[in-house]
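Below you'll find the structure, written out as structure tokens, and then a few comments.
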Amino acid sequence: MSQSRQSLEQIFEAHVQTLSLTLQLSTVRNYQSVCHRFLGYLRSAFPKVLRLSQLRRDPHMLGWFRWLCEQDPPLRNHTREEHRLCLRRLLDDLAIQGHPLRPGLIIREDFPVRPEYLPRPLSPEDDERLQEELRRADTLYSN
């Protein structure tokens, strides 16, 4: 079937099946889940979108990002980030295959900077015990 006659579901499903040749089953299921959520969102919010060429960053992608944030129970930040990464990979792959997709549907700025967690400082008591142990060891590394 030509690309122009395939439904969005068929296009995504065919590509996920291709990915399944080289990916682990759990990864393939993750891609299938993301496709299902994204296409379900499109069908309910934008039923007139029937082709990849109709996708726009705004309102389709930005709307989907908002929709992910509004889920009940809420999705974790990491889960939402994984969904965006999976969908971006699928869209990039489909564009490389020649499907008519606009560039920049999902951009780097759509991924928030991850928080940098710093190690917890030692308590003064633990620090003193560590210093004592290092003095007691009296090795090249401890000095």
Side-chain angles (χ1 to χ4, degrees), residues 1 3 6-143:
M1 185 181 300
Q3 287 180 356
Q6 290 180 309
S7 70
L8 290 175
E9 288 82 0
Q10 290 170 323
I11 291 169
F12 278 97
E13 179 60 30
H15 187 61
V16 170
Q17 288 304 313
T18 300
L19 291 176
S20 72
L21 300 174
T22 57
L23 298 176
Q24 292 183 357
L25 181 59
S26 61
T27 305
V28 172
R29 286 188 177 144
N30 192 34
Y31 278 108
Q32 288 171 330
S33 173
V34 169
C35 288
H36 177 75
R37 280 181 180 251
F38 177 66
L39 294 173
Y41 162 76
L42 276 182
R43 290 289 166 253
S44 65
F46 301 99
K48 292 183 180 180
V49 173
L50 302 174
R51 295 184 306 279
L52 289 171
S53 61
Q54 293 175 290
L55 287 177
R56 303 290 182 266
R57 177 169 169 72
D58 190 9
H60 308 120
M61 294 297 122
L62 297 179
W64 187 60
F65 298 160
R66 277 188 298 278
W67 181 82
L68 287 173
C69 292
E70 296 166 354
Q71 295 305 293
D72 188 26
L75 298 175
R76 294 182 359 209
N77 290 344
H78 179 74
T79 302
R80 291 194 317 267
E81 181 180 5
E82 280 190 0
H83 280 40
R84 288 187 298 261
L85 282 169
C86 285
L87 186 60
R88 182 176 69 176
R89 193 254 168 108
L90 292 169
L91 294 173
D92 287 348
D93 287 354
L94 292 171
I96 289 169
Q97 292 175 7
H99 289 275
L101 279 159
R102 289 179 177 259
L105 291 173
I106 301 176
I107 59 176
R108 189 175 55 128
E109 288 77 16
D110 294 330
F111 301 91
V113 176
R114 288 188 173 175
E116 190 173 317
Y117 296 104
L118 299 174
R120 193 174 51 139
L122 291 174
S123 69
E125 297 81 23
D126 288 339
D127 185 54
E128 183 58 38
R129 282 196 297 271
L130 178 60
Q131 294 299 326
E132 286 175 16
E133 182 60 30
L134 292 173
R135 282 191 294 273
R136 187 191 64 71
D138 196 30
T139 65
L140 176 64
Y141 294 114
S142 66
N143 289 327

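What you see is a predicted model, and the numbers here were worked out from it, not measured in a lab.
Side-chain atoms of S33 do not come within 3.5 Å of backbone N or O of R29 as any donor-acceptor pair.
Using a 4.5 Å heavy-atom threshold, the side chains of L85 and R89 count as separate. Contact of the E116 side chain with the L118 side chain is registered, since non-hydrogen atoms from C-beta on lie closer than 4.5 Å. Between T79 and L68 there is no side-chain heavy-atom pair separated by less than 4.5 Å. L8 places a side-chain heavy atom less than 4.5 Å from the side chain of V49. Residues Q71 and R37 are in side-chain contact: their nearest non-hydrogen atoms beyond the backbone lie under 4.5 Å apart. Inter-residue side-chain proximity for Y31 and L23 is flagged as met; some heavy-atom pair is nearer than 4.5 Å. In this structure, F111 and I106 have side chains that are in contact, with non-hydrogen atoms separated by less than 4.5 Å. Considering only heavy atoms from C-beta on, D110 comes within 4.5 Å of R57 through its side chain.
The distance from atom CZ of R102 to atom CG of L52, rounded to the nearest 0.5 Å, is 12.5 Å. To the nearest 0.5 angstrom, R88 atom CZ is 11.5 Å from L105 atom CG. Annotation: the span from Q6 atom CD to R51 atom CZ amounts to 13.5 Å, rounded to 0.5 Å.
The neighbour count for Q24 CD, taken as heavy atoms of other residues, nucleotides or ligands under 6.0 Å away, does not exceed 12. Within 6.0 Å of CZ on R108 lie no more than 12 heavy atoms contributed by other residues, nucleotides or ligands.
Using bins of under 30°, 30° to 60° and over 60° for the plane-to-plane angle, the ring pair Y41/W67 lands in the tilted bin.
Salt bridge annotation for R136-E133: present, with a cationic side-chain nitrogen under 4.0 angstrom from a carboxylate oxygen. Contact check on E70 versus R80 returns no salt bridge, with no Lys/Arg side-chain nitrogen under 4.0 Å from an Asp/Glu carboxylate oxygen. With respect to R43 and E9, a salt bridge is recorded, a charged nitrogen being found less than 4.0 Å from a carboxylate O.
Remark: the H36 side chain and the Q32 side chain contain no N/O donor-acceptor pair separated by less than 3.5 Å.
Evaluated for a side-chain contact (heavy atoms from CB on, under 4.5 Å) with L91, the options M61, H15, H99 yield exactly one hit, M61.
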Working for side-chain contact (heavy atoms from CB on, under 4.5 Å), residues D93 and T18: CA-CA 11 Å; D93 287 354; T18 300; over 6 Å; no
